[in-house]
Every structure is written in C-alpha cells, then in structure tokens.
Chemist: 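Just passing along the structure, written as structure tokens.
Chain A is the first sequence line, chain B the second, and so forth, proteins listed ahead of strands; every chain is numbered from 1. Worth saying up front: this structure is predicted, and the values here are computed from it rather than measured. Quick note: numbers below take in every heavy atom, side chains included, and nothing from hydrogens, waters or symmetry partners.
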Protein chains: 2
Amino acid sequence: MPRPADPHAREALLRAARSEFARQGIDRARVGDIAQKAGLSKGAFYLHFASKQDAFREMVQRFIGVLEEHAARRKEALRRLQDELQGAEPGRARAAGFEGECALDVEVLDALWRNREVLSVLDGASAEPHRPLVSAFRQRLRDMLIGDVAERQAEGGLRADLDPEAVADAVFGVYETFGHRMAGLREKPDLGGWARTIRTILYEGLLPPPGCTVPAHAQDVSRRRGD
Amino acid sequence: MPRPADPHAREALLRAARSEFARQGIDRARVGDIAQKAGLSKGAFYLHFASKQDAFREMVQRFIGVLEEHAARRKEALRRLQDELQGAEPGRARAAGFEGECALDVEVLDALWRNREVLSVLDGASAEPHRPLVSAFRQRLRDMLIGDVAERQAEGGLRADLDPEAVADAVFGVYETFGHRMAGLREKPDLGGWARTIRTILYEGLLPPPGCTVPAHAQDVSRRRGD
DNA sequence: GAGTTTCCTGACCCGCCGGTCAGCAAAGCG
DNA sequence: CGCTTTGCTGACCGGCGGGTCAGGAAACTC
C-alpha cells in the first residue's frame with residue numbers, strides 16, 4: 001500500500017525555494033538550505049523537483065498563472081464598467097471610469113505585493129541558464145500588454161500615434177519599478193495611492209495641466225525640460 | 001628595475017569580465033574564462049583584481065561615472081538651451097525646446113546603448129552578495145533623478161501635484177525597460193525615435209490629445225481604461 | 001500484527017571552481 | 001651581458017554543493 005506524500009511538502013518547498021531564491025539568487029541558493037527551511041531533507045526536495053532549476057520553473061509558471069488570471073478578470077471588469085457608464089454624463093463617466101480603473105489596478109498591485117519575492121527572483125535571473133525562461137515570461141506579459149494597448153488605441157481610448165510596443169514597454173517599466181519598490185518594504189503601502197499616481201502619470205503625463213499659475217514664459221520653456 | 005604591467009591588461013580583463021557577466025551572470029561566470037577571453041591567465045586576473053566581486057565593483061563604478069558625466073552635461077546644455085529660447089515666441093520655444101531635449105536624451109540613450117552589457121549585468125545582480133552595490137548604484141541614480149524632478153516641479157516645468165519620488169521611479173522604469181530592449185538588439189536602434197517616443201509618453205501621457213475624432217462618449221468612457 | 005509500497009532521510013560521491021603560489025620570463029638599468 | 005624587480009603563468013589545493021542512493025519508517029490494507 002503506497003504511502004501518500006505529505007500534502008504540504010511540495011508547497012513548503014516552493015515557498016522556501018522562492019524565499020531563498022529572493023535572498024541569495026537562484027545560483028547561490030543551496031538546496032540544503034531550501035529543504036531545511038521547508039522542514040524537509042534534500043532527498044525530499046529531489047523527490048518533488050528534478051532540480052533547482054525545475055523548482056524555479058514551477059515558481060515562474062505559477063506566477064504567470066496569477067497574472068493571467070488577473071488580466072482576464074480585469075478585462076471583464078472593465079467591460080462591465082464601460083456598460084454601466086453608458087448613458088451617464090461625460091464628466092461623471094470620466095471620473096467614475098478613472099476611479100473604477102484605479103480600483104482594478106489596486107488588485108493587480110496587490111497581486112504584485114503578495115508575489116514580491118517572485119519579482120525579486122525574476123529580477124536577478126536574467127543570465128544563462130535562466131534567461132530563456134525569464135525571457136519567455138517577460139515576452140508573454142509584454143504580448144498581453146501590447147494586445148491590450150493596440151485594442152485601446154483602435155477604440156480611441158489611448159492615443160494612436162504611438163507604437164503600441166513602445167507604449168506597452170513604458171507601462172511595463174513603470175509597473176516594474178513600482179514592483180521593485182515593494183521588495184524593500186516591510187508593510188503594504190497605500191496601493192490605492194500608487195494606483196492613482198501611476199494612472200495619472202501614464203494617462204496625463206508629467207507636464208503641468210493647462211491653466212497652471214506658472215508664468216507662460218517659464219512654463220513654455222521649462223515645460224520641455226525633462227527628467 | 002620593475003617590470004611595467006601590460007597597459008592593456010586591466011582594460012582587457014574588464015571588457016572580458018563584463019561580457020562574461022552579461023552572458024552567464026556574475027556567479028556562474030568563471031575567472032578562467034574571463035582571463036582566457038582577455039588573452040591572459042587566472043593569475044593575471046588576480047594581480048589586477050582582488051576577486052570576481054572586485055572586478056564587478058569596478059565595472060559598476062565606471063558606469064556610475066559615465067552616467068554622472070552625462071547628467072552634468074545634460075544639465076548644463078538644458079540651461080544653455082533655456083537661455084537661447086528666452087524671448088522667443090512661445091510656440092517656437094516649445095517646439096525647439098522639445099527637440100533640444102530629445103537631442104540630449106539621444107546622448108543618454110547612446111550611452112546606455114554603449115553600456116548595454118552593463119545594464120544586463122546589473123539586471124541579474126539583485127541578490128546577495130551583489131545587492132548592496134547594486135542597490136547603492138540604483139539609489140544614487142534615483143536620488144539624482146528625484147532631485148531633478150523636484151527642481152523642475154518647483155520651477156513649473158513639471159506638474160507639482162505628484163510625489164517627485166513616484167515621478168522619478170516612473171521615469172526610471174521607462175528608461176530601464178528601453179534599456180532592456182537594447183540588450184536583445186544587434187544593431188543600434190533609432191535612438192532619436194526612441195527619445196521622442198519616451199519624451200512624448202512621459203510629458204503628454206497616453207490619452208488621446210484633445211480634438212481627437214473619436215466620439216466624445218466613447219472617448220470619455222474608454223479614455224479611462226488602461227494598459 | 002504482518003506485509004507491501006512509497007516517502008523521506010542524510011551520508012556520500014564527484015566535479016567544479018575560487019583563489020594561491022612557486023617558478024619562469026619580461027623589462028629595464030648599469 | 002648580468003642583475004634585480006615585478007608581471008604573468010597555470011598547476012594545484014581545498015571547500016563547496018548538486019545530485020544520488022541505501023536504508024529507515026510511515027502509511028495503509030488485510
């Protein structure tokens with residue numbers, strides 16, 4: 001009669017793996033330390049995973065699943081929001097649309113917060129032999145984002161004079177930097193505030209809005225200065 | 001009479017080191033391979049550097065120097081541009097200012113292009129024991145950027161209602177993603193186009209500009225949809 | 001309680017590689 | 001050319017750690 005595997009072993013090993021990967025990087029993380037952290041042995045690790053790299057692969061695949069789930073839910077929620085706001089007065093629709101979208105962004109940021117160790121690990125895994133897996137992961141996210149942007153541009157929601165790939169990369173970059181910020185925090189930040197800031201920067205840009213009290217001369221010239 | 005060191009040895013070793021670091025990551029890069037790539041021996045490597053980590057540190061410090069030099073030159077060039085555009089008609093000043101700034105951005109992007117291997121290395125060095133050095137490097141860049149943003153906000157060039165740290169992080173994120181793009185390219189991209197695209201996204205945001213032909217209703221609702 | 005099967009353990013093996021060092025030779029002066 | 005000093009070489013050493021495996025024990029059925 002076969003002995004059933006400890007149902008928690010695999011999860012514990014994965015949790016320990018990502019913690020050690022985040023702390024030491026994949027290459028320097030030791031299987032012995034991972035197993036010990038999980039309360040198991042090296043042999044147990046190798047029962048569940050073919051190799052360290054295998055554990056890393058599963059960690060990434062799970063994270064992809066999380067992000068794709070969020071993307072699907074967000075898409076559907078945006079559609080429902082759009083339907084709800086039809087017929088509403090443009091001003092109210094705009095404000096409610098913005099807040100609604102920010103609320104959805106908060107969910108994504110929350111998922112990033114809960115997976116901030118994974119973000120750290122992925123950060124430090126851009127060289128061989130991890131590169132193919134991480135490149136594929138990034139490209140998958142990028143493709144999702146590019147599709148989104150192109151769709152929004154086609155329906156007039158985003159300016160259509162910019163290359164969707166460039167836009168997607170800019171958006172990706174902003175989220176990634178905010179993801180980095182999470183790595184260094186002990187407590188959950190104000191994700192609502194982050195969502196509004198990110199959305200404002202991405203939608204409206206960094207220039208002062210029209211009607212600003214700065215002298216037109218100073219504004220016209222310094223306005224084109226950069227970061 | 002002391003034998004002078006080969007004047008090219010250190011440079012050759014650093015070039016080889018960054019190439020191998022970019023390819024394999026610091027931890028998996030082998031000193032034997034680095035030395036061989038430089039046309040020298042392991043012993044020669046250890047004559048010039050205390051350790052692999054030491055070579056990495058010098059690589060990062062040189063890159064900081066490059067970026068700081070560019071930041072200083074850019075600051076000075078912007079000041080000169082500002083003086084030149086004083087008294088000019090606002091419309092012309094704005095357009096000329098934008099193009100002038102893009103030209104300066106091209107120089108920064110060019111520096112990133114020439115150091116794209118370093119960008120790759122830094123990408124993959126976020127775990128211990130490299131973390132302190134890389135975090136310090138990033139924080140230094142971030143501080144420069146935050147200072148810039150705060151200054152621009154104070155003089156009305158950038159909208160002042162956003163946290164300068166958040167703005168700096170967003171800008172940093174965008175440049176970083178475009179830096180990533182460079183890693184995968186064989187030939188220099190159209191940096192002028194990149195500069196304009198980045199500047200447009202950061203200054204004006206992703207929403208369609210006023211006067212767009214999309215129906216107001218569709219625009220008002222879908223306008224608040226996101227990435 | 002006995003028997004069977006599988007899970008888990010942790011000692012072990014082997015290859016790898018960072019860093020060392022004895023010795024060779026290049027550089028340059030007198 | 002001889003001598004001195006230092007740069008450079010590459011064999012060597014020792015520690016490390018990925019992965020293996022023989023054996024113990026847990027799980028479960030009869």
Side-chain angles (χ1 to χ4, degrees), chain A residues 1-60 121 124-125 127-133, chain B residues 1-60 121 124-125 127-133:
Chain A
M1 168 62 77
R3 169 184 171 179
D6 180 346
H8 306 301
R10 193 180 185 84
E11 292 311 306
L13 286 164
L14 267 180
R15 272 198 306 278
R18 85 184 205 186
S19 175
E20 284 301 295
F21 288 165
R23 191 167 75 84
Q24 309 255 112
I26 302 160
D27 295 332
R28 282 180 178 254
R30 305 182 199 89
V31 175
D33 288 345
I34 292 170
Q36 189 181 23
K37 192 162 223 167
L40 293 157
S41 66
K42 282 176 73 177
F45 180 91
Y46 284 101
L47 253 179
H48 291 280
F49 302 103
S51 63
K52 256 203 300 186
Q53 179 76 359
D54 190 31
F56 172 56
R57 182 177 303 114
E58 180 156 337
M59 187 197 81
V60 172
V121 176
E128 298 299 339
H130 317 302
R131 172 174 282 148
L133 186 61
Chain B
M1 168 59 77
R3 168 183 171 178
D6 180 346
H8 307 299
R10 195 181 184 80
E11 291 311 305
L13 286 163
L14 266 179
R15 273 198 303 279
R18 83 184 206 185
S19 176
E20 284 300 297
F21 288 163
R23 191 167 75 85
Q24 309 254 111
I26 302 160
D27 296 331
R28 282 178 178 254
R30 305 181 197 90
V31 176
D33 288 345
I34 292 170
Q36 188 180 24
K37 193 162 221 166
L40 293 156
S41 64
K42 281 175 73 176
F45 180 92
Y46 286 99
L47 253 180
H48 292 279
F49 302 102
S51 61
K52 258 203 297 186
Q53 180 76 0
D54 190 33
F56 171 56
R57 183 178 303 113
E58 180 155 337
M59 187 197 82
V60 172
V121 177
E128 297 300 337
H130 318 302
R131 172 172 282 148
L133 186 59

Chemist: Using a heavy-atom distance cut-off of less than 4.0 Å, which residues of residues 48-59 of chain A contact DNA chain D?
Modeler: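 Residues of residues 48-59 of chain A under 4.0 Å from DNA chain D: A/Ser51, A/Lys52.
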Chemist: Without decimals, in angstroms, what is the distance between B/Leu13 CG and D/dG7 P?
Modeler: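 Distance, rounded to whole Å: 14 Å.
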Chemist: Looking at residues at least two apart in the chain, or sitting in another chain, which of them share a salt bridge (charged side-chain N to carboxylate O under 4.0 Å, His left out) with A/Arg23?
Modeler: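 Only A/Glu20 meet the salt bridge (charged side-chain N to carboxylate O under 4.0 Å, His left out) criterion with A/Arg23.
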Chemist: Would a 4.5 Å heavy-atom cut-off, applied to side chains only, mark B/Lys42 and B/Gln36 as touching?
Modeler: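 No, every pair of side-chain atoms sits at 4.5 Å or beyond.
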Chemist: List the residues meeting salt bridge (charged side-chain N to carboxylate O under 4.0 Å, His left out) with A/Arg57, not counting sequence neighbours, and say none if there are none.
Modeler: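 Listed in chain order: A/Asp54.
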Chemist: For the pair made of CZ in B/Phe45 and P in D/dG10, what is the distance, rounded to whole Å?
Modeler: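 Rounded to whole Å, this separation is 17 Å.
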Chemist: Where the side chain of B/Arg10 meets the backbone of B/His48, is there a donor-acceptor pair that is under 3.5 Å apart?
Modeler: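 Yes; at least one donor-acceptor contact below 3.5 Å.
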Chemist: Counting primed atoms plus P, OP1 and OP2 as sugar-phosphate and everything else as base, spell out the protein contacts along nucleotides 25-30 of chain C at 4.0 Å heavy-atom distance: B, S or - for each nucleotide, 5' to 3'.
Modeler: -BBBS-
Chemist: Is A/Ala5 touching bases, backbone alone, or none of the nucleic acid, heavy atoms closer than 4.0 Å?
Modeler: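 Sugar-phosphate, backbone atoms only, no base.
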Chemist: For the residue pair A/Ala125 and A/Ile26, what are the closest heavy atoms and their distance?
Modeler: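 For A/Ala125 and A/Ile26, the tightest heavy-atom pair comes out as CB-CD1, 3.7 Å.
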Chemist: Round to a whole Å and report the spacing from NE2 of B/His8 to C1' of D/dC8.
Modeler: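 After rounding, the reported distance stands at 16 Å.
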Chemist: Looking only at atom types and distance, does a side-chain atom of B/Lys52 sit under 3.5 Å from a main-chain N or O of B/Ala29, one as donor and one as acceptor?
Modeler: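 Yes; judged by distance alone, with no hydrogens or angles, the pair exists.
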Chemist: Hey, could you give me the CZ/CG distance between A/Phe56 and A/Asp27, rounded to the nearest 0.5 Å?
Modeler: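 With rounding to 0.5 Å, CZ (A/Phe56) is 9.5 Å from CG (A/Asp27).
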Chemist: Can you name the salt bridge (charged side-chain N to carboxylate O under 4.0 Å, His left out) partners of A/Arg131, sequence neighbours left out?
Modeler: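 Salt bridge (charged side-chain N to carboxylate O under 4.0 Å, His left out) list for A/Arg131, sorted by chain: A/Glu128.
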Chemist: Counting C-beta onward and ignoring hydrogens, is there a side-chain heavy-atom pair between A/Arg30 and A/Gln24 closer than 4.5 Å?
Modeler: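 Yes. Closest side-chain heavy atoms under 4.5 Å.
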Chemist: Could you grab the distance from atom CG of A/Leu14 to atom CE of A/Met59, nearest 0.5 Å is fine?
Modeler: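 So the CG of A/Leu14 and the CE of A/Met59 are separated by 9.0 Å.
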Chemist: In whole angstrom, what separates A/Tyr46's OH from C/dC13's C1'?
Modeler: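 Taking atom C1' of C/dC13 as the reference, OH of A/Tyr46 is at 14 Å.
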Chemist: Closest approach of A/Pro129 and A/Pro132, non-hydrogen atoms and distance?
Modeler: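 Between these two residues, the closest heavy atoms are O-CD, 3.5 Å.
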Chemist: Can you list, in residue-number order, the parts of residues 19-42 of chain B that come under 4.0 Å of DNA chain C, counting heavy atoms only?
Modeler: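 The answer is B/Ala29, B/Arg30, B/Val31, B/Lys42.
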